[in-house]
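Notes follow the structure.
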Amino acid sequence: MRWSKLFIPTLRDAPADAEAPSHALLVRGGFIRQLHAGHYSMLPLGWKVHQKVAALVRQEMDAIGGQEFSLPTMHPASIWKQSGRWDTMGEIMFRLKDRRDNDLALGITHEEIFAFVATELSSYRELPQLWYQVQTKFRDEARPKAGLLRVREFAMKDSYSFDVDWAGLDAAFEAHHAAYTRIFSRLGLPAFPVEASSGAMGGNASTEFMVPCASGEDDVVHCPNCDYAGNIERATSTLPPVADDVPPAEPERFPTPGVRTIADLETFEGGAAANRQIKTLVMMIDSEVTLALLRGDHQLNEQKLIDATGAVKLRPAEAAETLAALGANPGSLGAVGVSGIRIVADEALRGRTNMTTGANTDDFHYRGVDIERDITVTQWADLRQVNAGEACPKCGHELELLRCVETGHIFKLGTVYAEKLGVMVTDAEGRQRPVVMGSYGIGIGRNMATVAETHHDDKGLIWPVSIAPYEVVLTAVSVDDTTMAAAEGLYDGLRARGIDVLLDDRDARAGVKFADAELIGIPYRVTLGPKGLAAGEVELTARATGTTERVAIDALVDQLAPTIIAQR
RNA sequence: CGGGAUGUAGCGCAGUUUGGCUAGCGCACCUGCUUUGGGAGCAGGGGGUCGGGAGUUCAAAUCUCCCCAUCCCGACCA
């Protein structure tokens, strides 16, 4: 294409509210424009990149036997009610009504819809099936941010596997794991797999693919020594043992006037170190009062509590609710002798004795508490948030915390959706059984943005050839007839080899053309100037390295075309 | 949802504290001349519901009230 005919509205300054590098550069480079919060228009350049990412993902899905579908984005409420997610999804789902007052939803994902299609499967002989689409998803995110990284309307490749048994699911899951690894490698993204919480998706196991990136919003616990990695919502660590003294025969109640915090109690005469205290958090889980117990120096990870209890909605109790449940105010709360209330205790408290905790009377605490003896724990669970520097549960090395973008997520769903929606097949023994499902997602725009996050410099974007909007830009330093004739020759020659070429034929100053070419991140620039052409030469500059070499004009196509094709 | 900030031309900003004449600057845009290998120079020109509404006032971008939007931090997040 000829630059002079294209709509590539580059900006010298990024909008003031674009903070993430990908956001600023995609706007400056004329790839995207914001319509409103979380909704972006793809301009021609942005759409080309988006299409190339999608095409690359399609190739890898087809390679593992995927079949492409396109399912509706607007769904009847009934199908979401059938799976139970109409109620559990909460505010993330856009909901609307039609003229007949029927409830409708915009799809946040498509498990229900693919499962509905899959009800036509009737025999194990038809399995396995692997279905996918690249489709728009709508999510009413509380806080869209960072340009394309977190939006409310976006294209996602979502695929779904259908198998007779769990071994089949494992195979489909592994196939996706491998395909995703290839996808991220081709995108030039240093993604690594981590254990994740399955959240509202349901299911038994899930792996997220994470790319370290300051603009991300997931914290990943990572061991630099071994391969251990986990989302902070899931990861754990090994703690040094705490030696407890022999406890008294029963807890001792003692006055603690003015003590309101763990820290207060540490310094209080007769108090205890934070790791000898029990922290009691009063939470409302689906409107049921629940106590979450942690060691005094530990933080609760709310997602862990949600996962452990199967909660739909979780929030800290309000002051009045706390007082009603325990008869005391925060600062003196405890679980000793409490009955009739669900108590979830963190694993780090298991077996601990001689602890100190609130006595459920303002200004009083207990000491000498033996957890297993004095507290009726309903459930033990890992609730504690891991901190950087704690020991790796696998190898003992110090863990680090990495800020990451989640670029893909694969789930083993099991038979939940199949049972709810009636996806049944007859097995070899003639029995009806639910199909075992998996679901697998990659956000197209988010991956595009993540590449921008990880591939840029102070001049602009640096696209890998695999998804660059154009693979080569021919920069005509002047637009006189001689230069343009030479440029046209190279343009035709490269296009004949299937190369995606942009011809900068604008009547602009060389500096402007160079700066724009660098800003939009075209991997290779061929510069045609009068001096070089007089000697039969052009310059070939690689965007990533900035290195320039002089190439005979007649040799350019033969040299450059294979270089590019090898990088696709 | 809690905290913070911002809304003036396509983009970046000044002006608002202390109300005052036709709302200004840079970039971008249009015309002409010159220039032409790293975001040109000169001259001329076009473009504005000052986020919206109500109010105070002789007079509101500026003061008051309400609303809206966007961004950042947190909560939340298949």
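This structure is a prediction, so every number in the text was calculated from the model and none was measured. When reading the values below, keep in mind they use all heavy atoms of this one structure, side chains included, and skip hydrogens, waters and symmetry mates. Every chain is numbered from 1, with letters handed out A, B, ... down the list of sequences.
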Under 3.5 Å, which donor-acceptor pairs link side chains of residues 530-542 of chain A to any protein atom two or more places apart or in another chain?
{"from": "A/Glu537", "atom 1": "OE1", "to": "A/Arg550", "atom 2": "NE", "distance (Å)": "2.8"}
{"from": "A/Glu537", "atom 1": "OE1", "to": "A/Arg550", "atom 2": "NH2", "distance (Å)": "3.0"}
{"from": "A/Thr541", "atom 1": "OG1", "to": "A/Thr548", "atom 2": "OG1", "distance (Å)": "2.9"}

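Note: CZ (A/Phe7) to P (B/C29) measures 13 Å, nearest angstrom. A/Asp480 places its CG atom 15 Å from the P atom of B/U35, with the value rounded to the nearest Å. One can place CE of A/Met93 at 15 Å from C1' of B/C77, the figure rounded to the nearest angstrom. When the P atom of B/A75 is taken as reference, atom CG of A/Asp140 falls 19 Å away, rounded to whole Å. Spacing between atom CG of A/Asp507 and atom C1' of B/G32 amounts to 15 Å, rounded to whole angstrom units. Rounded to whole angstrom, the span from the CG atom of A/Leu305 across to the P atom of B/C76 amounts to 11 Å. Between A/Asp13 atom CG and B/G12 atom P the separation is 8 Å, expressed in whole Å. Between the CD1 atom of A/Ile92 and the P atom of B/A75 there is a distance of 15 Å, rounded to whole Å.
Not counting sequence neighbours, the partners of A/Trp131 by the side chain to side chain donor-acceptor pair (under 3.5 Å) test are A/Gln129. The side chain to side chain donor-acceptor pair (under 3.5 Å) test applied to A/Gln385 returns A/Asn301, not counting sequence neighbours. For A/Glu141, the salt bridge (charged side-chain N to carboxylate O under 4.0 Å, His left out) partners at least two apart in sequence or on another chain are A/Arg150. Listed by chain and number, the residues in a salt bridge (charged side-chain N to carboxylate O under 4.0 Å, His left out) with A/Glu453 amount to none (sequence neighbours excluded). Not counting sequence neighbours, A/Thr207 has no partner by the side chain to side chain donor-acceptor pair (under 3.5 Å) test. With sequence neighbours excluded, the residues that form a side chain to side chain donor-acceptor pair (under 3.5 Å) with A/Asp516 are A/Thr10, A/Arg506.
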remark   = In 5'-to-3' order, the base (B), backbone-only (S) or no-contact (-) status of each nucleotide in nucleotides 37-47 of chain B, using a 4.0 angstrom heavy-atom cut-off, is BBBB-------
note = Nucleotide by nucleotide, nucleotides 69-74 of chain B touches protein heavy atoms under 4.0 Å in the pattern (B base, S sugar-phosphate only, - none) -SSSBB
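Nucleotide B/C11 is matched to B/G26 when pairs are restricted to Watson-Crick or G-U wobble geometry with both distances under 3.5 angstrom. B/A59 is unpaired under the criterion used here, namely a Watson-Crick or G-U wobble arrangement in which both key atom distances are under 3.5 Å. In this structure B/A54 sits in a base pair with B/U64, meeting the Watson-Crick or G-U test at under 3.5 Å. Nucleotide B/G19 forms a pair with no other nucleotide shown, judged by Watson-Crick or G-U wobble geometry with both contacts under 3.5 Å. With a cut-off of 3.5 Å on both pairing distances, B/C77 has no Watson-Crick or G-U wobble partner at all. Across all strands shown, B/U70 forms a Watson-Crick or G-U wobble pair with B/A5, both key distances being under 3.5 Å. Across the strands present, B/A40 finds its partner in B/U34; the criterion is a Watson-Crick or G-U wobble pair with both atom distances under 3.5 angstrom.
As rounded to the nearest Å, B/C63 and B/G19 have P atoms that lie 9 Å from one another. Using atom P as the reference point in both B/G20 and B/G24, the two lie 14 Å apart (nearest Å). Here the separation of B/A54 from B/G46, taken at their C1' atoms, is 34 Å to the nearest Å. Across B/C29 and B/A9, the matching C1' atoms stand 11 Å from one another, rounded to whole Å. Nucleotides B/A75 and B/U6, compared at atom P, are 24 Å apart to the nearest Å. A distance of about 33 Å separates the P atoms of B/G55 and B/G12, rounded to the whole Å. Remark: the separation of the C1' atoms in B/U18 and B/C13 is 22 Å, to the nearest Å. As rounded to the nearest Å, B/C21 and B/U62 have P atoms that lie 13 Å from one another.
Note on ring orientation: taking the six-membered ring where Trp is involved, the planes of A/Trp47 and A/His50 are parallel (angle under 30°, cut-offs 30° and 60°).
When each of A/Ala14 and A/Ile108 is assigned the nucleotide of RNA chain B bearing its nearest heavy atom, the one mapping closer to the 5' terminus is A/Ala14.
No salt bridge links A/Arg543 with A/Glu518; every basic N to acidic carboxylate O contact stays at or beyond 4.0 Å.
Of the candidates A/His177, A/His409, A/His176, A/His177 is the only one forming a ring-ring contact (aromatic ring centres under 6.0 Å, His included) with A/Phe209.
Shortest non-hydrogen contact noted between A/His456 and A/Ala452 is ND1-O, 2.9 Å.
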